[in-house]
Student: 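Quick one: this structure, given as structure tokens, is what I'll be asking you about.
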Amino acid sequence: TAGPSGKLSESNARLLRAVLFVIAADEIEGLAPPIFDVLATVDDRQIVEAATYSLSSTVSADEMGKQLRSGLDKNMPETVKISCIPAAGCLPQTELEPLLIDLFSDDSALVQLEASGALAKRVIPAAIDSLVPLLESDSLEVRHRAGVALRRWTGEDYGFSAHLGAKER
């Protein structure tokens, strides 16, 4: 289990990542709730990526929408929401758009960025608009990723640099 800081020992983290990949490879259904429980207590980017990969294999098609809507709820931890966003791409656009647009106002700038990216991949103009405020994020990583995404999705380079101070940006 994770310690108070949300960190696993390296050997436990490797074991958990391996288990998550086995779950995905073997398409073991019914394990989304325990994966969400793990994500609620662990703060490890590689585990989040492994969980993202395995979530779509853990539930039947009938349960997929229900589990993803639960995982994208505003009250869920950041890691759970980030893991659910890529898997939510299997939902019909009429269900997906409102869920992701609601995450634009999430407390986590990383969740906002992931939601914007998921929508932009579907070429939804609201996603591009949602990236502009992220250029002023307190997080250098979020500013950088938002700037890169805007350049890639619009094909324009406006000279934005995430490393500049707030007045220079």
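Hydrogens, waters and symmetry mates are skipped; everything else that's a heavy atom, side chains included, is used.
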Student: For L103 versus L72, what's the shortest heavy-atom pair and its separation?
Tutor: CD2-O, 3.6 Å

Student: Of the non-hydrogen atoms in L134 and S116, which two are nearest, and what is the gap between them?
Tutor: CD1-OG, 4.4 Å

Student: Yes or no on side-chain contact (heavy atoms from CB on, under 4.5 Å) for L135 and L150, after CA distance, side-chain angles and deciding distance?
Tutor: CA-CA 10 Å; L135 297 173; L150 279 171; 3.7 Å; yes

Student: Take atom CG of D26 as the centre, draw a 6.0 Å sphere, and report whether it contains more than 12 heavy atoms from other residues, nucleotides or ligands.
Tutor: yes

Student: Carefully, step by step, assess L113 and L131 under the rule side-chain contact (heavy atoms from CB on, under 4.5 Å).
Tutor: CA-CA 7 Å; L113 185 63; L131 286 172; 3.6 Å; yes

Student: What are the two closest non-hydrogen atoms of L100 and A118, and how far apart are they?
Tutor: CD1-CB, 3.7 Å

Student: When rounded to the nearest 0.5 angstrom, what distance separates NZ in K74 from CG in D102?
Tutor: 5.0 Å

Student: Partners of E78 by side-chain contact (heavy atoms from CB on, under 4.5 Å), sequence neighbours excluded?
Tutor: I82, S108, L110, V111

Student: Tell me every residue that passes salt bridge (charged side-chain N to carboxylate O under 4.0 Å, His left out) with R151, counting only those two or more places apart in sequence or in another chain.
Tutor: none

Student: Taking only residues two or more places apart in sequence or in another chain, which ones pass ring-ring contact (aromatic ring centres under 6.0 Å, His included) with F21?
Tutor: Y53

Student: Could you note down all residue pairs passing salt bridge (Lys or Arg N to Asp or Glu O under 4.0 Å) where residues 109-119 supplies at least one of them, sequence neighbours left out?
Tutor: R45-E114, E114-R145

Student: With E156, which residues qualify under salt bridge (charged side-chain N to carboxylate O under 4.0 Å, His left out), at least two apart?
Tutor: none

Student: Could you work out, with salt bridge (charged side-chain N to carboxylate O under 4.0 Å, His left out) as the rule, every residue matching R143, not counting sequence neighbours?
Tutor: none

Student: Please report the closest heavy-atom contact between M76 and K81, naming both atoms and the distance.
Tutor: O-CE, 3.0 Å

Student: What closest approach, in Å, do A115 and I85 show between heavy atoms, and which atom pair accounts for it?
Tutor: N-CD1, 3.8 Å

Student: Where is the tightest heavy-atom contact between G71 and C84, given as atom of each residue plus distance?
Tutor: CA-SG, 3.6 Å

Student: How long is the straight-line distance from CD1 of I23 back to OG of S54, given to the nearest 0.5 Å?
Tutor: 5.5 Å

Student: Under the criterion side-chain contact (heavy atoms from CB on, under 4.5 Å), I'd like the reasoning laid out for R17 against R14: C-alpha separation, chi angles, the key distance, then a yes or no.
Tutor: CA-CA 5 Å; R17 286 190 299 270; R14 278 195 309 266; 3.1 Å; yes

